[in-house]
Protein chains: 2
Amino acid sequence: MNGPQPRIPVLTTRLSGDADEGGRLDAVLSAEDLRRLEGIASVLELPARNRLIYDQGQAAEALYFIQRGMVATSVHDGDGSRQILGFLRSGDLFGLAEQGRYISAARTLTPARLFCLPLAPLQKLLLTDARLQLHFLTKAAHDLRMAQRQMIVLGRHSVHRRLAAFLLEFLRHDDIYDAAEQRIRLPMSRTDMADYLATTPESVARAFAAMEREGWIRRYGPKSIQVLDLPALIHAASV
Amino acid sequence: MNGPQPRIPVLTTRLSGDADEGGRLDAVLSAEDLRRLEGIASVLELPARNRLIYDQGQAAEALYFIQRGMVATSVHDGDGSRQILGFLRSGDLFGLAEQGRYISAARTLTPARLFCLPLAPLQKLLLTDARLQLHFLTKAAHDLRMAQRQMIVLGRHSVHRRLAAFLLEFLRHDDIYDAAEQRIRLPMSRTDMADYLATTPESVARAFAAMEREGWIRRYGPKSIQVLDLPALIHAASV
DNA sequence: CGCCTAGTTGAAGTGTGTCAATGTCTGTGG
DNA sequence: CCACAGACATTGACACACTTCAACTAGGCG
């Protein structure tokens, strides 16, 4: 008798990725799972944007779980160049480290609420709760797929195509995309977008200008984009 | 009393990545772990190079574990373009899927021996053995780091730098690098290298020619490279 | 209202893809 | 063992997308 087993993960669908779940860890965690995580977590309230959560090279002591808000992780090269590894949202995990040090820096894009999960207690919990751990494994597999997809995007696609794909990613998220007005509210700067898409702010601006010229979008200031021709945008992202 | 606990993973070092382990799953698995995996695995002997293991889009039924040999995973775009996601070696896992279908194709670069781990029994095993699962989670975290590093390489570095870094990766592996002769035996074609580095065979050839012109390497046929100036190569990979 | 940061647009330079031709391996069959 | 064929690798010429540098404009916050 195991009692009720809410949302038992199935590796064939979980490791394989489930469409409706979208890689959100919080969507698959049961109330019991969350309670256990909260038991070892400390809550981190970051009331403003552009707050550093941890820096690259800093001793890694915790994994972070986003409850609310948006976070960007970035690695800084020896020279000035910076690569944003990902824009993360509620349900995402971050805090990947190598040899005890964070490989990237993390900072808020918006006010955010995080669970800070210290590594030692987290490991203990995962070892005692294999079902919970499988959710973490599934999430890691999902993030690996995303990273591999981004490898392809950065290596093979033009800047225009990268930007089109980037915009389309936001359409799924209600907090950023207002479906009624067809408007995307971008929470990051042109420089951030450029550092994520491995290009320059100038090229991003030019790509936006070209999209507006074609009638696919309309800009209301740099942070607000109205989608006028979604099919064209989808086409641009896949050609 | 838990009895002997060989090589208990410590998340703070394992999820964080351990230098000497190098992400090799087989290096951290105990004899008991291996026995259990073998219990659900079928062994796959692939006697020659260029053998397809599974194709992109095929129904995903198993995860694969490389015991011997080398494997390449690649995704094929609608048009002719191909991206090799990774060159994999003993101890590596592959078979990542999305919605029940493999997202990449996998084929041998050399004769290989694989464990084929059917997903359902594997999930069952991981749920009953949290310690073993943690090794898988650690491996996934390692692969995620590698993918993120490759994102940076493909997005930010020149073809010359990419190739230098690529060559340096082989120096650690005894089966490919003959330290005495300082020779690297490349098991893949120029096209494969180009598809991994997100460039063209022509650009790879030009980068090799430039390195030879500089006196850093010497080519003995396309598959055998002698390293003449390692510091210069290291410098080229990090500038 | 004015300063300062961020964004946009323009012009010029360059790395790399593309196309084409030549050269070189490899493996097969005579 | 050699000769041949087909694939693979290399080199060259050219085109172009993108970066870089610079000037200008627009937003946002004091």
Side-chain angles (χ1 to χ4, degrees), chain A residues 48-50 72 77 79-84 109 152-164 166-167 184-214 217-225 236 239, chain B residues 47-50 72 77 79-84 109-111 153-164 166-167 184-214 217-225 236 239:
Chain A
R49 68 182 214 85
N50 214 30
D77 212 341
D79 45 12
S81 102
R82 185 182 72 144
Q83 174 70 40
I84 289 186
L109 281 174
I152 298 170
V153 169
L154 297 187
R156 299 276 169 203
H157 299 347
S158 70
V159 169
H160 289 243
R161 185 170 169 183
R162 278 180 246 172
L163 185 63
F166 177 76
L167 287 180
I184 302 172
R185 179 99 204 146
L186 297 168
M188 74 289 288
S189 70
R190 291 288 186 268
T191 303
D192 285 338
M193 296 173 55
D195 288 347
Y196 178 64
L197 299 173
T199 180
T200 58
E202 293 94 328
S203 288
V204 172
R206 271 186 262 269
F208 269 126
M211 285 178 178
E212 194 165 39
R213 211 178 308 124
E214 298 284 340
I217 62 166
R218 183 155 172 203
R219 286 177 284 182
Y220 296 90
K223 296 278 164 63
S224 179
I225 307 290
V239 168
Chain B
R49 68 182 211 85
N50 215 26
D77 212 342
D79 45 12
S81 103
R82 184 181 71 144
Q83 174 71 39
I84 289 185
L109 281 175
T110 68
V153 169
L154 297 187
R156 299 275 169 204
H157 300 347
S158 70
V159 170
H160 289 242
R161 185 169 169 183
R162 279 179 245 173
L163 184 63
F166 177 76
L167 287 180
I184 301 172
R185 179 98 206 148
L186 298 168
M188 73 289 289
S189 70
R190 291 287 186 268
T191 302
D192 285 339
M193 296 172 55
D195 287 347
Y196 177 64
L197 299 173
T199 179
T200 59
E202 292 93 330
S203 289
V204 172
R206 270 185 263 269
F208 269 126
M211 285 178 179
E212 194 165 38
R213 211 178 308 125
E214 298 284 341
I217 63 166
R218 183 157 171 202
R219 286 177 284 181
Y220 298 91
K223 296 279 163 66
S224 180
I225 307 289
V239 167

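Only this structure's heavy atoms are used, side chains among them; waters, hydrogens and symmetry mates stay out. Here is the naming used below: chain letters follow the sequence lines, and residue numbers restart at 1 for every chain.
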Query raised in the report: What residues, two or more places apart in sequence or in another chain, satisfy side-chain hydrogen bond (donor to acceptor under 3.5 Å, both in side chains) together with A:H157?
Result: A:R161

Extract all donor-acceptor atom pairs below 3.5 Å that involve side chains of residues 199-210 of chain A and protein atoms in other chains or at least two apart in sequence.
| from | atom 1 | to | atom 2 | distance (Å) |
| --- | --- | --- | --- | --- |
| A:T200 | OG1 | A:S203 | N | 3.2 |
| A:T200 | OG1 | A:S203 | OG | 3.2 |

Report task. Just jot down the salt bridge (charged side-chain N to carboxylate O under 4.0 Å, His left out) partners of B:E214, sequence neighbours excluded, or say none. Result -> none

Query raised in the report: First and last nucleotide of DNA chain D in contact with chain A, 5' to 3', at under 4.0 Å to a heavy atom: what are they?
Result: D:dC18 to D:dC21

Query raised in the report: From B:I84 CD1 over to B:D192 CG, what is the distance, rounded to the nearest 0.5 angstrom?
Result: 4.0 Å

Query raised in the report: Rounded to the nearest 0.5 Å, how far apart are CZ of B:R162 and CE of B:M193?
Result: 12.0 Å

**Report entry** Partners meeting salt bridge (charged side-chain N to carboxylate O under 4.0 Å, His left out) with A:R219 (sequence neighbours left out)
**Finding:** A:E212

Report summary line: Residues passing the salt bridge (charged side-chain N to carboxylate O under 4.0 Å, His left out) test with B:R190, sequence neighbours excluded, are none

Report task. Using the test side-chain hydrogen bond (donor to acceptor under 3.5 Å, both in side chains), find all partners of B:D77 that sit at least two apart in sequence or belong to another chain. Result -> none

Query - Length of the CG-C1' vector between B:L163 and C:dG15, whole Å - result: 15 Å

Requested in this report: Starting from C1' on C:dT16, measure out to CG on B:L197 and report it in whole angstrom.
Outcome: 14 Å

Report task. Find which nucleotide of DNA chain D each of B:R49 and A:T200 is nearest to by heavy atoms, and output the residue with the more 5' nucleotide. Result -> B:R49

Report summary line: A:D192 CG to C:dA6 P, in whole Å, measures 10 Å

Query raised in the report: OG of B:S224 to CG of B:L186: how many Å apart, nearest 0.5 Å?
Result: 8.0 Å

Query raised in the report: What are the two closest non-hydrogen atoms of A:Y196 and A:Q83, and how far apart are they?
Result: O-NE2, 3.1 Å

Report summary line: The side-chain hydrogen bond (donor to acceptor under 3.5 Å, both in side chains) partners of A:R185 (sequence neighbours excluded) come to none

Query raised in the report: Does anything in residues 152-159 of chain A reach DNA chain D, meaning a heavy atom under 4.0 Å, and if so which residues?
Result: A:S158, A:V159

**Report entry** Degree of bending, the helix from C:dC1-D:dG30 to C:dG30-D:dC1 (end axes from five pairs; round to 10°)
**Finding:** 40°

Query - Reported CZ-to-CG distance for the pair A:R49 and A:L109, which is rounded to 0.5 angstrom - result: 8.0 Å

Could I get a table of every N or O pair under 3.5 Å where one atom is in the protein and the other is in nucleotides 8-10 of chain C?
| from | atom 1 | to | atom 2 | distance (Å) |
| --- | --- | --- | --- | --- |
| C:dT8 | OP1 | A:R190 | NH2 | 3.1 |
| C:dT8 | OP1 | A:R219 | NH1 | 3.2 |
| C:dT8 | OP2 | A:R190 | NE | 2.6 |
| C:dG10 | N7 | A:R206 | NH1 | 3.0 |
| C:dG10 | O6 | A:R206 | NH2 | 3.4 |

Report task. Walk me through it: do B:M211 and B:L167 pass the test side-chain contact (heavy atoms from CB on, under 4.5 Å)? Result -> CA-CA 11 Å; B:M211 285 178 179; B:L167 287 180; 4.0 Å; yes

Report task. Round to a whole Å and report the spacing from CG of A:N50 to P of C:dT5. Result -> 14 Å

